[in-house]
Amino acid sequence: MTTIDASFNPNEKLPTIYPLIDTHTHFDAPVFDVDRNQQLQKAYQQGVRHLVLVGYLHRHFDRLYETEEFINKQPHSMIGNATEQKETPVNAHIALGLHPFYIEQHTEAHLKSMAQMLDKKRPLAIGEIGFDTFTEEMKQPEMFAKQKYFFKAQLDMAVSHKLPVMLHIRKAHAEALTLLKAHDYDAHKLGGVAHSFSGGEQEAKAFAKLGFKLGVTGQVTNPNAKKLRRAIQAAVDTYGIDCLVIETDCPDMTPILCQDSGSSQSALGQSPDNEWGDAPAHNRNVPANLPYILSSLSELLDVPLAILAEKLWHNSCNALRTDWRYTI
């Protein structure tokens, strides 16, 4: 496959730019330090109006708030051209969470500090939290028990603060469903997203039944992702489009048309200290790629872009318990 830049060419926009919410990003990652301004402009030009900066390690929590402040203080004139100065710029929001893949690094002190941060500066959501048994090490009883402890502790915080959660569930969907069904957290009341959903048809319907929206990433753009595409269709057949939101999970989950041939690099989920470093920019996913996901989902579900975009906006607001206005 020919390598292309992992963002839209400004001269190749969709015929209509639809307002979009990127429900899950790591746009605070250092890989964006060199061109964060430019990527914000590109995101705005492609319809992105809100993005969520999602936490995973305690030591990066301050970076989340710094990035949020940087984005939200950008003058209108930076976004778009001079004729667009009255438009609303991209707005950033924060989710705080201790990611299960990095469970070895998490401590009780981190939980306590996180609880204090929730009191001092309320985030939009808690996440990403959950279970991850991607490696043999993560499947070990002691490691899984610690994941379970941190998962429950953060669900408790969500209940006490009445905040939605963003779930990270990888190769542990049955275990997560069991825990969620037994916990006081109620996604029908508090909202929530099963981020980057990767389960099967029955699991997709089970999370939707609990009230979680299924987070659809650039993986849906891959026609070979048959399990995922069937799962999305099954959930929609049962619960309607109401059960979906879209996300880039940038700099991960790059849509297939933006991937370098053979590239499988990941900013997260490999090494605790690997945040892309000197990886080529064309291997990154960026918020401006969100319309690729919208377009693929529209094709998969046979729903017109205009209808799907507005529905996904309202689904995202419902999942995150916000009331952002949809305006083209």
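All of these numbers come straight from a predicted model, not from anything done at the bench.
Within the 4.5 Å cutoff, side-chain heavy atoms of Leu118 are placed close to those of Leu163. Taking the side chain as every heavy atom from C-beta outward, Leu244 and Ile232 approach each other to under 4.5 Å. The closest side-chain heavy-atom distance from Leu297 to Leu312 is below 4.5 Å.
Closest of all the heavy-atom pairs between Gly130 and Pro100 is O-CB, 3.2 Å. Residues Val31 and Val34 approach most closely at O-CG2, 4.2 Å, considering heavy atoms. The two residues Lys311 and Ile241 make their nearest non-hydrogen contact at CG-CG2, 3.7 Å. Heavy atoms only, all atoms of each residue included: Met157 and Leu111 are closest at CE-O, 3.4 Å. Pairing each heavy atom of Tyr18 with each of Ala306, the nearest pair is CE2-CA, 3.5 Å. Among all heavy-atom pairs drawn from Asn91 and Pro89, the shortest one is ND2-O, 3.1 Å.
A salt bridge links Lys139 with Glu136: at least one charged nitrogen is closer than 4.0 Å to a carboxylate oxygen. Salt-bridge annotation for Asp35 and Lys42: absent, with no side-chain N of the basic residue lying under 4.0 Å from a carboxylate O of the acidic one.
Using cut-offs of 30° and 60° for the angle between ring planes, the His168 and His99 rings count as tilted. The aromatic rings of His106 and Phe150 sit tilted relative to each other, their planes meeting at an angle between 30° and 60°.
Between Tyr56 and His60, the ring centre distance stays below 6.0 Å. Between Phe151 and Phe131, a ring centre-to-centre spacing shorter than 6.0 Å is recorded.
There is a side-chain donor-acceptor pair under 3.5 Å between Thr248 and Asp22. Side-chain polar atoms of His173 and Gln202 form no donor-acceptor pair below 3.5 angstrom. Side-chain atoms of Glu108 and Tyr149 form a donor-acceptor pair, as typed in the model, at a separation below 3.5 Å. In summary, the side chains of His183 and Asp156 do present a donor paired with an acceptor at a separation below 3.5 Å, with no hydrogens or angles considered.
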What donor-acceptor contacts under 3.5 angstrom involve side-chain atoms of residues 317-328, with partners at least two apart or in another chain?
| from | atom 1 | to | atom 2 | distance (Å) |
| --- | --- | --- | --- | --- |
| Asn318 | OD1 | Arg321 | NH1 | 3.4 |
| Arg321 | NE | Lys189 | O | 3.1 |
| Arg321 | NH1 | Asn318 | O | 2.2 |
| Arg321 | NH2 | His188 | O | 2.9 |
| Arg321 | NH2 | Lys189 | O | 3.0 |
| Arg325 | NH1 | Thr327 | OG1 | 3.3 |

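Other residues, nucleotides and ligands contribute more than 12 heavy atoms inside 6.0 Å of the CG atom of Asp33. Under a cut-off of 6.0 angstrom, the local environment of NZ in Lys171 is sparse, with at most 12 non-hydrogen atoms contributed by other residues, nucleotides or ligands.
Residues forming a side-chain hydrogen bond (donor to acceptor under 3.5 Å, both in side chains) with Gln116 (at least two apart in sequence, or on another chain): none.
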